[in-house]
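Data first, discussion second: the structure below is written as C-alpha cells.
Atoms within a ligand are numbered from 1 in the order they appear, just like the ligands themselves. In this text, all values refer to a predicted model and were calculated from it rather than measured experimentally.
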Amino acid sequence: MKDVYPFQEVEEKWQKTWAQKKVFEAADDPRLTKYFCLEMYPYPSGRIHMGHVRNYSIGDVISRFQLMKGLNVIHPIGWDALGMPAENAAIKHGIHPQTWTLDNIAHMKRQLQSLGISYDWSREVNTCLPEYYKWNQWIFLKMFERGLAFRKKSWVNWCPQCRTVLANEQAAGGACWRCDSGVEQKEMDHWFLKITAYAKELLDGHKLLEKWPEHVLLMQKNWIGESEGAHISFPLKGSRTIGVFTTRIDTIFGATFMLLSPEHPLSRELLADSPDKEKRREEMVRAVRDARMKKDEEEAEKEGIDTGKKAANPFSGEEIPIWIANYVLMDYGTGAVMAVPAHDQRDFEFARKYGLIVRPVIVPADNPVFEEHQERATEAYGVLVNSGPFSGLSSQEAMEGMSRFAQDRGFGRKSLTYRLRDWGISRQRYWGTPIPIIYCEKCGTVGVPYEDLPVELPHDVKFTGEEGSPLDNAPEFVNTTCPKCGGKARRETDTMDTFFDSSWYFFRYTSPHQKDAPFDRAVASYWLPVDLYIGGVEHAILHLIYARFFTKVLRDLGCASIGEPFPHYLAQGMVTKDGAAMSKSRGNVVDPDEMIQGYGADALRLFILFASPPEKEFAWAEDGIEGCFRFLNRVWTIVEENRDLFADGASRSINHDAAEGSDLLKKTHQTIRKVTEDIGKRFHLNTAISSIMELYNLARKEKDGLRQGEEGRAVLRLALESMIVLLAPFTPHLSEELWERTGHRELLARFPWPAFDPELAREEIVTIVVQVNGKLRDKFEADAGIGESEMRERALALDRIHSFIAGRPVRKVICIENKLVNIVV
Ligand code: ANZ
Ligand code: ZN
C-alpha cells in the first residue's frame, strides 16, 4: 500500500508526550467527580497475550472517554506477581523467582506502554514487593485477632517421594506430576479464612449488583449454595444426639434410617466394638477422598455399613437403625442425614440395596392414593399421610408447623445451610506472602507483632522441587524467638494463596505509597467503589467472591467505607482463533508485538474492539486487522488532503440555516450522539466504531462537492474534526497526531468530548415490521439505526407479538436493521 501513515513514529511520539506531561496521573481531589476504571491486573507470565490486549483496550476506551467527558479518571495497573510459575521456573531453569518475575514485569510493562493504554503508572502496584505483601500480613493479623483467620486440620494431596503437598491439578490421576509416584492423602494443619461468616451477606449483596451479568451472579449463587431447611436432633441411647440438616422436614415420619458420613466422628465411635466394620469404614474413607481428589463426576455405587446402633425419631419416637453411607458428605450440613427412602432417590436406592424399610408419607394433592410398591422415590411436595398429628397438612404447612413444633420442644429449628466452605489459604511454597505467625512451645500460636512486619522472604534458598517447601529448609528463616516470652520459636513456613493479594489490590491503587496503613481510608473512600471492572469470566467465582469478602472485612475493620467493591462488572468474552480459545497449548497464539510492529497499536486496538461487542467471543482474523489498518490510512489521507480547511480557518461556526440540507452535517451530529451513547451507556464499542466508519464514508463521498462553497467547507471541516475526536478513545495515537496536524495546540487526550445538537442528531423514523415464524404480525416505529438488542426488546414487548408467541420458548430472533424482526418459536 502506498502512502502508509508513519504509525511507528506517531505512536512513539505520543506515548512519550503523554508520559512527560503526566496526562493520565489522577489527582486525589475530592472536589472532582471521579471515575474508577479497573481491569484485572495481569500475572507477569512473560508476555502480553491477546486476552490482555482485549481487556486493556476495552478499559482504555472507557477511561479515555470519561477523561474527555471531564471526569477525574483513575486508571491504574499492577502485577499479580506471586505464585507458582515463578517457582517452577526456578526449579527448572535455576532462575530466582524474583529475578524471573521482575524481568517479566519489565518486559510486559514495555508491551503495555507500546499499546498506548492510558495508565497512571505512578500508581503501579507489584504484589511481590515487601512494601505490598507487608499489608497482606497486616490484614491477615487483623483477621487472626478477630477469629476470621484460623488454623484447622484438613486433608491434602501429599507426594511421599517429593515430600511436598500437591495442588489437585498436580496430582491428576493420583500420580505426582514430577516423579509419578502415587499420591497419598495426608491430614495437615492449614490456615483458613472464615468466608462462611459472610455467606449470607455475600448472597444478599447481589441485590446491589444490578450491573453484573446474570450468569455470573448465578454462578456465585450456586457457589454459595444457600439451602433453606431445618436442623433436627435425633437422640441416641444415653445423652448423645445426631444432628441432621434437612430441606424436607415434612417427610420426617418417613425417615426409616439415619446415615452418617464415614468421616463423621461418631462413625468411628459407633464402630469401636467391631474392628471388621471399622476396617471397612477406613477403606470407605479412602475411597471417598480419592474420588473427591479425582473430582469423579460419576456418582459411585452406593455403599453402606450397618453400625448396629439405633437412634430415635424425635417426632414419632420410632427407633431407626444408623448406617454409614459413602454418599453422605462430611463437609455439608452436619455430615449426617435422616434418610427418607420414599422421597429421596439416593436414599431409595440405598434402602433397596440393603433391604431397609420404604415408607411413603407424602401423596399428590390431586390424587391422594397410596402407592404400595414404588419404583422410585417421589420427590414432589404434596399432602402428608402416615404422619401422626400432621397428616392431612400440605408439605408447605407441615414444614412451618413441624419446624415450630421442633423449636418449641428444643430439638430443632429452622435454618439456612451453605455450600460455601472456608477458604484454605496455606500453600507450602516459597513465592508467596509468608503467613506472619510464630509457634512457641510455651505460648502457642502467636501473631508476629505489627512493628515487625513485613516478614520478608529470605532470598537465598534452594529450589529443588523436593523435600517440601524451600522455606522449611531455611533455618535462618524458620528459627526465631517468641515475641511474647523471648523463648525459642519457629516461624510458620506456609505462604498465602495469591488470591489473597488480588482480593484488595484495588484499594492499594488509591494510595499506593501509603507507609502506615494498607491504604488511606479517606482517599479510598473518594475513589471507591470501582465504577467499572472489566475482566475475564474465568474469575466469576473465586476472585470476585474473595474481593467482595475482603471489602466487607475491611469495612468491618474500619479501614473502608464500602461493602461492595464492584457495582458494575463487565465480563469480557474470550479471544479465539480457528474456532478454539487462543492458547499456547493449542499453538494458535497470535503475538501482539508482531501485530504492533506490522500494523501499529492503533490498528490492533481498533480491530479487537471492532470485531465484536466486549462481552462476546472475539475471533481473530488476519484480514480483519488489515482492514482496520487500511481504514486508518484512509482517515490519515482524507485529513491530510483537506488540511487547508483547518489552515484557512474556514469559519469555525457553521450557519445552520444555510447548512440545513447538508447530509454530512446531520450525519456528524448523529455520529457524535451514537458514539457517545454507545460508549457511555451501552459499551457497544463495535457499533460506535462502525458509525465512525460511516461518517468517514459519507465525508469522502461528499467532500469534493462541499469544498466548493464556504458553508460546505465548514461542514466538511467539522465532520473531519469530529471523526478525529471520536476516534481518540480507540486510536489515540493517530487521533492525537491528526489533531496536532490540523492546528490544535491542546492535547486531544484531555480535550472536551464533543456535544451534539439534538435537533440535528435526530434520526429519521423508520417502520420496523415484526414477524413470528416468518409471518407478518405487527410493526412499530423507531429511530433509524437503533441496535439489534433494542429492536429485539421492543418487538418482544409488543402485545400482539406476545399473543402470537403464546408462551412458546423463543428459539431465535433475526434482525435486519431499520426493517424487520423475525421471531422464531
Ligand atoms: C431428608 C430428606 C427427604 C431430604 C427428602 C431430601 C429429600 P440441598 O438442597 O442440597 O441443601 N443432605 C443433608 N446433608 C447432607 C450431606 N452432608 N451429604 C449428603 N446429603 C445431605 O440438600 C439437602 C438435603 O440433602 C437434605 O434434606 C438431606 O436429605 C441431604 F424427601 O433430608 B434431606
Ligand atoms: Zn513464647
Closest protein heavy atom (residue, atom, distance) for atom 18 (N) of ligand 1: Leu329 N, 3.0 Å
Donor-acceptor pair, Arg429 side chain versus Met84 backbone, under 3.5 Å? no
Classify the contact between Thr251 and ligand 1 as side chain, backbone, both or neither, using a heavy-atom distance cut-off of under 4.0 Å. side chain
Quick check: are there more than 12 heavy atoms from other residues, nucleotides or ligands sitting under 6.0 Å from CH2 of Trp155? yes
Heavy-atom distance from atom 25 (O) of ligand 1 to the protein below 4.0 Å? no
Counting from 1, what ligand 1 atoms have a heavy atom of Val328 closer than 4.0 Å? 16 (C), 17 (N), 18 (N), 19 (C)
NZ/Lys279: more than 12 non-hydrogen atoms of other groups inside 6.0 Å: no
Is the number of heavy atoms from other residues, nucleotides or ligands under 6.0 Å of Leu416 CG greater than 12? yes
Is there a heavy atom in Val337 that sits closer than 4.0 Å to ligand 1? yes
For Trp191 and Phe140, I'd like to know if the aromatic rings sit close, meaning centre-to-centre distance below 6.0 Å. yes
Between Tyr533 and His543, what is the ring plane arrangement, given parallel below 30°, perpendicular above 60°, and tilted in between? perpendicular
Ligand 1 to Met338, heavy atom cutoff 4.0 Å, flagged ligand atoms 1 (C), 32 (O)
Quick one: look up the protein heavy atom nearest atom 27 (O) of ligand 1 and list residue, atom name and how far away it is. Thr247 N, 3.0 Å
Identity and separation of the nearest protein heavy atom to atom 6 (C) of ligand 1: Asp344 OD2, 3.3 Å
Is the closest N or O pair between Arg346 and ligand 1 shorter than 3.5 Å? yes
ring-ring contact (aromatic ring centres under 6.0 Å, His included) between Phe390 and Phe405, intermediate numbers included: CA-CA 11 Å; Phe390 299 94; Phe405 181 83; 5.5 Å; yes
Between the candidates Gln345, Arg248, Arg419, which shows the shortest non-hydrogen contact distance to atom 5 (C) of ligand 1? Arg248
Can you tell me which residue and heavy atom of the protein come closest to atom 9 (O) of ligand 1, and the distance to 0.1 Å? Ser227 OG, 3.4 Å
Could you tell me the residue and atom name of the protein heavy atom closest to atom 1 (C) of ligand 1, and the distance to it rounded to 0.1 Å? Thr246 OG1, 3.1 Å
For ligand 1, find out whether one of its N or O atoms is nearer than 3.5 Å to an N or O atom of His343. no
For Glu187, I'd like to know if atom CD has over 12 heavy atoms of other residues, nucleotides or ligands within 6.0 Å. yes
Just distances here: any N/O of Ala336 and N/O of ligand 1 closer than 3.5 Å? no
Please tell me whether Phe257 and Phe350 form a close aromatic pair, meaning their ring centres lie under 6.0 Å apart. yes
Verify whether the ring centers belonging to Phe550 and Phe507 lie closer than 6.0 Å. no
Starting from atom 28 (C) of ligand 1, locate the nearest protein heavy atom and write down its residue, its atom name and how far away it is, to 0.1 Å. Phe245 O, 3.7 Å
